[in-house]
2 protein chains.
Amino acid sequence: MKKTTLSKATLGRLPMYLRYIRSQSDERISASEMARVLKLGEVLVRKDMNCISDQGRPKIGYPRQELLANLEEILGSRDCVPVVVVGAGKLGLALMRYKGFQDFGLRIIAGFDSDVQKVDASHEECPVLPVGRLERFCRENGVRVGVIAVPEAAAQSACDALIASGVTSIWNFAPCQLTTPDGVAVQNENLALSLAHLCLGERGGRGARDENVS
Amino acid sequence: MKKTTLSKATLGRLPMYLRYIRSQSDERISASEMARVLKLGEVLVRKDMNCISDQGRPKIGYPRQELLANLEEILGSRDCVPVVVVGAGKLGLALMRYKGFQDFGLRIIAGFDSDVQKVDASHEECPVLPVGRLERFCRENGVRVGVIAVPEAAAQSACDALIASGVTSIWNFAPCQLTTPDGVAVQNENLALSLAHLCLGERGGRGARDENVS
């Protein structure tokens, strides 16, 4: 497999490619045919495919088995990454029940909350547990990825608890900068920003409306 | 004001710049001092400032009043854009209660749901109303921006209802491609993708872990 870094946009299209390639039986996959079926630009599809395989040949296509193996490895189709969410408020619960993670080989396996009212072990696939059980749960389940969905004031202590539990990748929805040691990756998510970028057009032609955003 | 298109990343930093500039009293704003206080790279801050103002002068800085006026115009600080959400499930409610929109001059003023159990007019700032009232509400309140937070099967009809109500910018959380007429901007949001990109590193060094993501 090529060792290129995948852009977020390319990554977002991979589940679609994987579904298409799984539906095919020919040993060779044609990028132009795939582009046509998926209603994507041919140049874009070739660019994406070149991140996944260096076995493409003009007029012959890409070897189906190699594409399949590489996509399944990247998307973790055979080996889900377990994820926990700290904070079982509306956002935390929305994330815990969101179906889209499995496309990327991610599985939210538990939520944690300091409010005993929110604890709910009845949901088999993804229970909400007391935050005091976070560390043991993460160690026992090999969890390295955590989501912070608590209010700003509680975010740093949630972050510290995740790191103490062995988590090395943190997705932070709280509107604040977290302090983390070296070796911990933090992705800050600002839910409002995508909408704000889309809406720049509503204020006079800047931003998203000038681009093809769909 | 310069008529440059703002990137999403630049837009995301503007509320921070606005807070800083409001806190200052000097007539001139120094980009290097602002970069230092906000812990950002100086080159980055200068690049962002040049999208906001063309009045920067070496060793003198940017005129505070002009920056302030331009930022407030872009961020809609004086003139909020009203937004509606269709779908008052966990995700819809999480968005309706999310505080971050006001930084960008956006205000979610109502949610709509076809399930009468979810209707709740008691929340003064952002009630949940029956979907049958969508069109009249949007017309009366000049709503041009709508969020789709319904399941995939209901997304196209939610989209059609928003467009019939005069909405021209749609932020879609349902995992499907919407069909829209010309003149309607659609931004598809995949909540899972940011986490997936962050987690590429957990599978062997691709993607987010190779970049500075914090």
Side-chain angles (χ1 to χ4, degrees), chain A residues 3-6 8 11-12 39 73-76 79 81 83 89-91 93-95 97-106 144-145 147 168-171 175 177-178 180 185-203 205-211 213-214, chain B residues 3-6 8 11-12 39 73-76 79 81 83 89-91 93-95 97-106 144-145 147 168-171 175 177-178 180 185-203 205-211 213-214:
Chain A
K3 291 290 172 200
T4 333
T5 299
L6 291 171
K8 200 166 155 183
L11 179 63
K39 296 179 188 162
E73 184 189 326
I74 297 168
L75 294 174
D79 184 21
V81 169
V83 179
K90 291 189 185 72
L91 179 61
L93 284 175
L95 292 169
R97 307 301 178 233
Y98 190 74
K99 303 287 180 203
F101 293 108
Q102 62 199 27
D103 271 351
F104 297 100
L106 302 170
R144 308 288 300 271
V145 181
V147 181
T168 53
S169 295
I170 293 177
W171 192 30
Q177 287 290 326
L178 298 170
T180 53
V186 177
Q187 171 83 49
N188 291 304
E189 189 76 16
N190 185 334
L191 264 186
L193 184 55
S194 287
L195 183 59
H197 197 239
L198 175 68
C199 294
L200 278 181
E202 297 291 325
R203 291 211 182 85
R206 280 160 174 255
R209 295 297 288 276
D210 302 326
E211 301 158 21
V213 295
S214 65
Chain B
K3 291 289 171 200
T4 333
T5 299
L6 291 171
K8 200 165 153 183
L11 179 63
K39 296 178 187 162
E73 184 189 327
I74 297 167
L75 294 173
D79 183 23
V81 169
V83 179
K90 291 191 185 69
L91 179 62
L93 284 175
L95 292 169
R97 308 300 178 232
Y98 190 73
K99 302 289 179 201
F101 293 108
Q102 63 200 23
D103 270 351
F104 297 100
L106 303 170
R144 307 288 299 274
V145 181
V147 180
T168 53
S169 297
I170 292 177
W171 192 29
Q177 287 290 326
L178 298 169
T180 53
V186 177
Q187 171 82 50
N188 291 306
E189 190 75 18
N190 185 332
L191 265 186
L193 183 55
S194 288
L195 183 59
H197 197 242
L198 175 68
C199 294
L200 279 180
E202 296 291 324
R203 292 211 181 83
R206 282 161 173 254
R209 295 297 289 274
D210 301 327
E211 301 159 22
V213 296
S214 63

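Below, all heavy atoms of this structure are taken into account, side chains as well, without hydrogens, waters or symmetry copies. Note that the coordinates shown come from a computational prediction; the quantities given were computed from them, not determined experimentally. Throughout, protein chains are lettered first and strands after them, A, B, ... in sequence-line order, and every chain is numbered starting at 1.
In terms of modelled atom types and a separation under 3.5 Å, the side chain of A:His197 and the main chain of B:Gly12 share no donor-acceptor contact.
Rounded to the nearest 0.5 Å, atoms CG (A:Leu198) and CD1 (B:Ile170) are 9.0 Å apart.
Annotation: maximal heavy-atom pairing with chain A below 4.5 Å, among B:Leu93, B:Leu191, B:Leu91, occurs at B:Leu191. No other option in B:Leu195, B:Leu95, B:Val83, B:Leu11 has as many heavy-atom pairs under 4.5 Å with chain A as B:Leu195.
The side-chain heavy atoms of B:Leu193 and A:Phe104, taken from C-beta on, include a pair separated by under 4.5 Å.
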Starting from the C-alpha separation in whole Å, work towards a yes-or-no answer on side-chain contact (heavy atoms from CB on, under 4.5 Å) for B:Lys90 and A:Lys90.
CA-CA 6 Å; B:Lys90 291 191 185 69; A:Lys90 291 189 185 72; 5.9 Å; no
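For the residue pair B:Ser194/A:Glu189, the side-chain donor-acceptor check at 3.5 Å is satisfied.
Using a 4.5 Å cut-off between heavy atoms, B:Tyr98 contacts chain A through its side chain alone, with no backbone atom that close. With a threshold of 4.5 angstrom between heavy atoms, B:Leu178 does not approach chain A through any atom at all.
Nearest heavy-atom pair, A:Val145 versus B:Cys199, reported as atom, atom and distance to 0.1 Å: CG1-SG, 3.5 Å.
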